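Worksheet for the structure shown next.
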There are 2 protein chains.
Amino acid sequence: MRIAEPTVERLIKYHRLLISMKQGNSSVVSSRQIGDMLGIKASQVRKDLSYFGEIGKPGVGYHVERLCEHIEQILSSPKVWSVALVGVGNLGMALMGHSVFQSYKFEVKALFDVDPEKVGQNIMNIHCWHIDDIARVMKENDIEVVILAVPAVEAQTCIDKAISSNTLKGVLSFTQAPVILPKGVLFYAVDVFVELEKLLFFLKEKERNIS
Amino acid sequence: MRIAEPTVERLIKYHRLLISMKQGNSSVVSSRQIGDMLGIKASQVRKDLSYFGEIGKPGVGYHVERLCEHIEQILSSPKVWSVALVGVGNLGMALMGHSVFQSYKFEVKALFDVDPEKVGQNIMNIHCWHIDDIARVMKENDIEVVILAVPAVEAQTCIDKAISSNTLKGVLSFTQAPVILPKGVLFYAVDVFVELEKLLFFLKEKERNIS
DNA sequence: GGGTGTGAATCTGTTCACAGCT
DNA sequence: AGCTGTGAACAGATTCACACCC
């Protein structure tokens with residue numbers, strides 16, 4: 001069964017919330033409680049969770065630990081993904097330091113940059129290669145996922161080199177440049193610029209409607 | 001007229017693309033060309049652009065410069081927003097260095113942190129205050145927008161302090177913690193964790209469907 | 001031919017409302 | 001009473017298809 005993207009996104013948030021609730025005191029939680037904490041309607045929460053069979057108890061709610069495991073199973077992958085981080089500037093470093101990157105779901109196997117100060121070094125225990133070596137290193141390490149944190153102008157060049165490895169399956173991009181990829185390679189983008197502009201736009205619209 | 005969020009998001013991307021096209025050679029562009037470059041259907045592009053009257057020429061396309069100005073007008077704000085950056089760690093610094101932050105639409109008026117190494121310093125020419133001073137500094141500088149780049153556990157505390165300034169109107173959050181805000185304060189979140197998990201989830205699903 | 005603008009159709013996601021369980 | 005699970009209604013966004021223009 002196919003799960004829609006907005007649903008997956010919410011499942012991930014439920015899961016994260018449930019993990020933090022496991023340390024708490026109550027072992028049961030209702031759809032309304034979950035919804036309130038995440039700013040989601042209770043009916044939406046129930047619909048999302050009902051996709052996978054009946055796991056809540058009417059009149060009671062969901063068992064925190066059981067629900068958490070259940071979602072974990074849905075989200076879990078049969079393998080640990082090998083990942084390359086391309087671009088070890090401020091942003092790349094911030095990502096490396098981010099708790100997200102201590103995950104059992106993937107492993108950052110290699111870093112890539114062009115800065116001679118970084119190439120050849122080990123940064124946070126991971127070797128940094130020159131971007132020109134990416135195809136070879138990706139092949140040797142079976143790296144299927146690339147996290148792209150380079151300046152916009154270099155994005156396409158870097159990706160083209162990664163494509164030539166023939167092992168690339170997914171890209172998470174932090175640059176705002178549009179990137180051309182072969183069909184079949186999954187692409188997700190975190191676009192700071194767009195989010196910021198959206199915020200400012202709707203702030204403006206709101207003020208305009210008031211006055 | 002109200003413009004839907006997905007439309008705004010695309011308008012922002014069109015605008016960004018058009019700016020880079022202005023340096024190029026062709027002064028006219030078709031909906032198909034725009035769409036291909038951004039991975040959007042041509043019909044979608046036309047629908048988006050037709051919301052604001054007829055600005056394209058049948059058989060020819062859209063005049064790059066005129067279209068760019070047109071969208072700029074839609075997106076533009078009558079004022080420059082005053083912004084505070086809360087959290088000057090790796091991520092905060094990455095954001096500061098990001099080209100996005102050299103915008104004429106807003107100005108970063110103050111930084112906030114708890115690290116005694118940073119508090120009291122000027123960082124990239126902007127003064128860094130202790131987070132406890134945020135309400136006062138926000139009031140004094142009419143800061144209405146907060147960019148939140150602190151660890152998850154501190155997110156709510158920081159936001160609560162910002163709320164008490166009574167000038168807060170919008171938040172762009174980079175932490176993965178859910179944050180409680182008064183109704184009326186706009187909230188956008190960039191959630192690295194969620195994007196990464198989504199990518200891995202759909203990668204897994206894809207492999208599962210093949211085998 | 002090539003390309004826009006747009007109403008209609010379709011697809012997708014959310015919300016409602018209520019039967020049924022504890 | 002309280003809460004889940006779910007079909008049905010609704011709302012929103014995308015895509016189609018075609019009339020019309022250059």
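A note on names: the letters A, B, ... follow the listed sequences, proteins ahead of strands, and every chain is numbered from 1. All figures in this text were calculated on a predicted structure; none of them were measured in a lab.
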Under 4.0 Å between any heavy atoms, over every strand shown, what does A/R2 touch: base, sugar-phosphate, or nothing? Just pick one. nothing
Pick base, sugar-phosphate or nothing for B/L49, based on heavy-atom distances below 4.0 Å to the nucleic acid. nothing
First encountered from the 5' end of DNA chain C, between A/K57 and A/D48: A/D48
With nearest nucleotides of DNA chain C determined for A/T7 and A/V60 from heavy-atom distances, which residue corresponds to the more 5′ nucleotide? A/T7
Among [options], find the nucleotide with the atom closest to the side chain of [X].
X     : options                : result
A/R46 : C/dC18, D/dT15, C/dT22 : C/dC18
B/A4  : D/dA13, C/dT4, D/dT14  : D/dA13
B/Y62 : D/dA13, C/dT14, C/dT4  : C/dT4
A/S50 : C/dG3, D/dC3, D/dT6    : D/dT6
B/S43 : D/dG5, D/dT15, C/dG5   : D/dT15
B/S31 : C/dG5, C/dT4, D/dC16   : C/dT4
A/K47 : C/dG7, D/dA8, C/dG5    : D/dA8

Nearest-angstrom distance from the residue atom [atom1] of [X] to [atom2] of [N]:
X     : N      : atom1 : atom2 : value
A/E5  : C/dG13 : CD    : C1'   : 12 Å
A/I55 : C/dT22 : CD1   : C1'   : 17 Å
A/E9  : C/dG13 : CD    : P     : 12 Å
B/R32 : C/dG5  : CZ    : P     : 16 Å
B/Y51 : C/dT4  : OH    : P     : 16 Å
A/I40 : C/dG13 : CD1   : P     : 15 Å
B/K41 : C/dG3  : NZ    : C1'   : 18 Å
A/Q44 : D/dG7  : CD    : P     : 16 Å

Can a donor-acceptor pair be found, under 3.5 Å and without considering hydrogens, that links the side chain of B/K204 to the backbone of A/S76? yes
Do B/T167 side-chain atoms and B/I143 backbone N/O form a donor-acceptor pair below 3.5 Å? yes
Is a donor from one side chain sitting under 3.5 angstrom from an acceptor on the other, for A/E205 and A/N209? no
Do the side chains of A/R16 and B/E197 get close enough for a salt bridge, i.e. N-O under 4.0 angstrom? no
Check the orientation of A/F202 and B/Y188. Use parallel for under 30°, tilted for 30 to 60°, and perpendicular for over 60°. parallel
